Number of protein chains: 2
Amino acid sequence: MSLPHAILTALLEKPSSGLELTRRFDRSIGFFWPATHQQIYRELGRLEASGQIRALRPEAPVRGQKKEYEVLPEGRAELARWTAEGAAPRAVREPLLLRLRAAAVVGTDGLAAELERHLALHREQLADYREIERRDFPVERADEENRLQHAVLRAGIGLESFWVQWLAETLDTLPAEPSRPSDAPRACDPSDRP
Amino acid sequence: MSLPHAILTALLEKPSSGLELTRRFDRSIGFFWPATHQQIYRELGRLEASGQIRALRPEAPVRGQKKEYEVLPEGRAELARWTAEGAAPRAVREPLLLRLRAAAVVGTDGLAAELERHLALHREQLADYREIERRDFPVERADEENRLQHAVLRAGIGLESFWVQWLAETLDTLPAEPSRPSDAPRACDPSDRP
DNA sequence: ACCCTCATGTAAGCTGTTACATGATTCA
DNA sequence: TGAATCATGTAACAGCTTACATGAGGGT
């Protein structure tokens, strides 16, 4: 149940319409909580129905026309409540690691190319984040108020750095010849205890 | 569509029943692709229906009794196909980062405690992974066949290390006094361009 | 008139989560 | 017999993904 709170945060930062929110998600909150416009419209509807946000200029509920929302006190309270509440860290869910496990059983055909592709993508994302940091958090400004936003960005940078390093390292240790499924000895789950 | 392939991998490593799979997921594949027993039973049903796996001892489809599955050639082929296929890296989805962004707007009450809690959990998980590494991948064994499994484990270790470091660092830069919502200046999305 | 873009939605399908139901086996 | 555990499911719902639908406004 994080999307409504992501939207409340974005709307508190700046009242917006659905499509504006979608675009802002694409270049900021969406880096760690992506959402499509369909999700966002649905959630805006729910938040409005439950009295946490309201439309500015409510006299024009026309279909093809812009509809801007702002957060009501109830919405701000709910967001504050949620912020203080605890939750377990999200489990990692990364298909690439699954592919490695699968490759250990059925052979590493095509795996190196896939790792290369990921490496390029993560390098790109890392460069983007570094550019944002250079632009929005210059060193000379001791960030008093932007400290939290900077911490979030540093998380993105750290994660991308990790993947770049791990992918490069893993590519290095990959055998030159892809293993063929039939040749491969029966792999055994290393953390299985019989 | 990764869960069926995770199950195929696990079944190729060792034919198992639904509950056995659930337990094996809990201590190995589930670290990067968690699944509950309900998901696993549902997926086993689908894989059996589509002819990718089959039950050993098919003469006993009794409800409360163990039912072991093995992978058929079709299943192995499908897994090999999927392994070679490309996919974009999974987007990060981490509510804690969302909470930081929200805290920048509504105040940092309770945030330090939440960060401490996560720090403890990640330290624990990191210790678990290191223990597995020590046990299953001792340095003296140049791993020829277990190289891929080791790479997966190193990814887990790297990710947990990152979080531990980032959380400690972020806790350090957190102000001693929690900011009150009303005092806080209007935060502005750092990566927004008007 | 036509097309493009902006903008707001609807619908269907799949995945994941939570709670509950049912039968078999074992042990006190 | 009764309780605990092992084992296999069902049902309902929430969230996410993908594809499509509809309308307004502006330009050619």
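Order of the sequence lines fixes the chain letters, A, B, ..., with proteins taken first and strands second; residue numbering starts at 1 for each chain. As the structure is a computational prediction, the values presented were derived from the model and not from experiment.
- A salt bridge links A:E85 with A:R81: the distance from a Lys NZ or Arg NE/NH1/NH2 to an Asp or Glu carboxylate oxygen falls below 4.0 Å.
- Between B:R46 and B:E43 there is a salt bridge, since at least one side-chain N of the basic residue sits less than 4.0 Å from a carboxylate O of the acidic one.
- Taking 4.0 angstrom as the limit, A:Q65 places a side-chain polar atom (N or O) nearer than this to OP1 or OP2 of D:dG25.
- Side-chain proximity of A:R93 to C:dG16, C:dT8, D:dC16: nearest is C:dG16.
- To the nearest angstrom, C1' of C:dG9 lies 15 Å from CG of A:L21.
- Between the P atom of C:dT26 and the NZ atom of B:K66 lies a distance of 12 Å, rounded to the nearest Å.
- Taken from CD in A:Q39 to CZ in A:F25, the straight-line distance is 9.0 Å, to the nearest 0.5 Å.
- Residues B:H122 and B:L126 are not in side-chain contact: their nearest non-hydrogen atoms beyond the backbone lie 4.5 Å or more apart.
- Taking only side-chain atoms of A:M1, from C-beta outward, the nucleotide of D:dG15, D:dA24, C:dG9 with the closest atom is D:dG15.
- Residues A:R42 and A:Q38 form no side-chain contact, since every pair of their non-hydrogen atoms from C-beta on lies 4.5 Å or further apart.
- Checking D:dA7, C:dG16, C:dA7 against the side-chain heavy atoms of A:R23 singles out C:dA7 as nearest.
- One interatomic measurement links the two molecules: CG of A:L3 to P of C:dT15, which rounds to 20 Å at whole-angstrom precision.
- Rounded to an integer number of Å, the gap from B:W33 CH2 to C:dT15 P is 10 Å.
- Contact annotation: the side chain of B:F32 never approaches that of A:P95 to less than 4.5 Å [non-hydrogen atoms, C-beta and beyond].
- Rounded to a whole Å, the NE2 atom of B:H5 is 14 Å from the C1' atom of C:dC14.
- Shown here are the side-chain contact (heavy atoms from CB on, under 4.5 Å) partners of A:L72, two or more places apart in sequence or in another chain: A:R54, A:E74.
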Would you tabulate the nitrogen or oxygen pairs shorter than 3.5 Å linking the protein to nucleotides 2-5 of chain D?
none

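- We find that B:R24 and B:E13 are joined by a salt bridge, their nearest charged nitrogen and carboxylate oxygen being less than 4.0 Å apart.
- Comparing A:L19 and B:R90 along DNA chain C, the residue whose closest nucleotide (by nearest heavy atom) sits nearer the 5' end is A:L19.
- Residues from residues 38-48 of chain A that place a heavy atom under 4.0 Å from any atom of DNA chain C, listed by number: A:Q38, A:Y41.
- For D:dT18, neither phosphate oxygen OP1 nor OP2 lies less than 4.0 angstrom from any side-chain nitrogen or oxygen of A:T36.
- Under the 4.0 Å criterion applied to side-chain N and carboxylate O atoms, B:R123 and B:E160 are not assigned as salt-bridge partners.
- The nearest whole Å value for the distance from the NE2 atom in B:H37 to the C1' atom in C:dA21 is 11 Å.
- In this structure, CD of B:E68 is placed 10 Å from P of D:dA7, rounded to the nearest angstrom.
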